[in-house]
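To start, the structure itself, in structure tokens.
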There are 2 protein chains.
Amino acid sequence: MARSSTLSPERIVDTASSLISERGLAGFSMRKLAVALDVTPMTLYLRFDNKEALLTEVASRNLQGIRVSIRDDDPWEQRVSALATGLRAHLVADRNLLQLYAQSDQISSTTLAAVDLGLGLMEEAGLAGEAAVAAFRVVFWHAVGSALVLAALGDLPANQGTAIVAALTTTEASERTARLGPYFGPVDADEQFQYATHCLVTGLASDIASSADSAARKELS
Amino acid sequence: MARSSTLSPERIVDTASSLISERGLAGFSMRKLAVALDVTPMTLYLRFDNKEALLTEVASRNLQGIRVSIRDDDPWEQRVSALATGLRAHLVADRNLLQLYAQSDQISSTTLAAVDLGLGLMEEAGLAGEAAVAAFRVVFWHAVGSALVLAALGDLPANQGTAIVAALTTTEASERTARLGPYFGPVDADEQFQYATHCLVTGLASDIASSADSAARKELS
DNA sequence: ACCTGAACACCGTTCAAGT
DNA sequence: ACCTGAACACCGTTCAAGT
């Protein structure tokens, strides 16, 4: 009879995930996890090769939950932007876990319903095969990159803003940089992302349109 | 008389920097640094509050070396792309140090000649004040985000490519995703970045142009 | 088969003491 | 003023032994 107390790998990953989410990656240790599960540290090593393997599993499991939904009647640019925003929002939702993704090499090796959605958008724009995948990658990594930047900068955009002003004005700043320095105030990371995404998607659309043109010209000649 | 053996903070930071660069951040410790400097660990704590403060100093010092040069006679889009590419190249140059930047909250608080260059490009495009800074930020964080993505994924794009194919085909993949799965092969990270940068800069240029239009319209009415 | 206690080789950091 | 030895409270991981 399978005792309910049997320590399944799933329960280990679950507990590790909530410990990290609650107290942060820096405060996480195999020993604390063992205490939380009421076992000896060694017991964990019977399920996972080492700490890194366990963390990879935690990251992978958490990323599988990504779901993004967009409104079908919106224009193309807006739907692509919504996809990027949704992806980023999921990654950013839990700072402690995001920190984990950045160390686990696993972002791309998880199943994403969002991948299918994104590929659909690219095919709708007229791209096929490798070109569709390449265009999707641009949007996908844009969202991931923005999330990683946010994680790297921590939760103190105000602090960061003042810091750059200080750096820009103390050193041999050019007239231009000194003049624009004050505008390096606190950034609204979401607003910043929206602007960047708008530019990226606009550029992507125009690139797709112009390569469709040149393909059409090629067919005529 | 100042003995040459006096342990300056600079020498500590220098040694820490090369230890991390050579053997990686994971293998770095205050004790090993102390051995390398032939002092007691405690001596380091007389100069720095703790390990984190020392690492922040290392990151900050390394980022101050960023220099990007672009060709003045290239078209605007190309120069902006070159700026982004140069920034990213510097960040990516040393993987071990990049890992460090991602943890140090310091990317933006260092002096960058590149900042001045980027701001100049935005003013040249007709942007002023806050709008110039916002546009520059888009390009800057695009480069940083891409570098962080690269660091997060490690040096194994081939591996990563096959992993996503496996994930896409094993699960309930839609017809579309299964069909496009094979195109998720190994990615050339630099090529990927070039494409994304091209889209971003194209979109930025068109956004600048269209807001100049609407500003002109406003002035006429 | 599954789990444990004790140990090894490390950490970051601090104390009281030396010169 | 500047540096040290010894210690504290942790780590990840492994061994040999238990049931």
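All of these numbers come straight from a predicted model, not from anything done at the bench. A note on names: the letters A, B, ... follow the listed sequences, proteins ahead of strands, and every chain is numbered from 1.
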Looking at [atom1] of [X] and [atom2] of [Y], how far apart are the two atoms once the value is rounded to the nearest 0.5 Å?
| X | Y | atom1 | atom2 | value |
| --- | --- | --- | --- | --- |
| A:Leu200 | A:His142 | CG | NE2 | 5.5 Å |
| B:Ile12 | B:Thr15 | CD1 | OG1 | 8.0 Å |
| A:Glu52 | A:Leu55 | CD | CG | 8.0 Å |

Do A:Ser21 side-chain atoms and A:Ser17 backbone N/O form a donor-acceptor pair below 3.5 Å? no
[X] has an atom [atom1]; how far is it from atom [atom2] of [N], in whole Å?
| X | N | atom1 | atom2 | result |
| --- | --- | --- | --- | --- |
| B:Lys51 | C:dC11 | NZ | P | 9 Å |
| A:Leu33 | D:dT13 | CG | C1' | 15 Å |
| A:Arg47 | C:dC2 | CZ | P | 7 Å |
| B:Phe48 | C:dG12 | CZ | P | 15 Å |
| B:Leu25 | C:dG12 | CG | P | 11 Å |
| A:Leu55 | D:dG12 | CG | C1' | 12 Å |
| B:Leu46 | C:dA17 | CG | P | 18 Å |
| A:Met30 | C:dC3 | CE | P | 15 Å |

Please check the phosphate of [N] (OP1 and OP2 only) for any side-chain N or O of [X] closer than 4.0 Å.
| X | N | answer |
| --- | --- | --- |
| A:Thr40 | C:dG5 | yes |
| A:Arg31 | C:dC10 | no |
| B:Thr43 | D:dC2 | no |
| A:Lys32 | D:dC11 | yes |

Students often get this wrong, so: under 4.0 angstrom with heavy atoms, is B:Met42 touching a base, only sugar-phosphate, or nothing?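 Base contact.
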Mind checking whether A:Thr202 and A:His198 have side chains closer than 4.5 Å, heavy atoms only? yes
For the side chain of B:Val39, counting heavy atoms from C-beta on, which of D:dT13, C:dT4, D:dT4 is nearest? D:dT4
Listed nucleotide nearest any side-chain atom of B:Tyr45, set D:dT4, C:dG12, D:dT13: C:dG12
When the P atoms of C:dA9 and D:dA9 are considered, how many whole Å apart are they? 22 Å
In whole angstrom, give me the gap between the C1' atoms of D:dC3 and C:dC15. 14 Å
Heavy-atom closest pair, residues A:Leu54 and A:Ala16: CD2-CB, 3.7 Å
What heavy-atom pair brings A:Leu117 and A:Leu83 nearest, and what distance separates the two atoms? CD2-CD1, 4.5 Å
Just the dot-bracket of DNA chain C, please: which string comes out with Watson-Crick or G-U pairs under 3.5 Å, [ ] for crossing, | for another strand? ||.|||||...|||||.||
Mark yes when over 12 heavy atoms from residues, nucleotides or ligands other than B:Glu130 sit less than 6.0 Å from its CD; otherwise mark no. no
Assign each of B:Asn50 and A:Pro41 to its nearest nucleotide of DNA chain C by heavy atoms, then name whichever residue's nucleotide is nearer the 5' end.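 Mapping each residue to its closest nucleotide by heavy atoms, the 5'-most match is A:Pro41.
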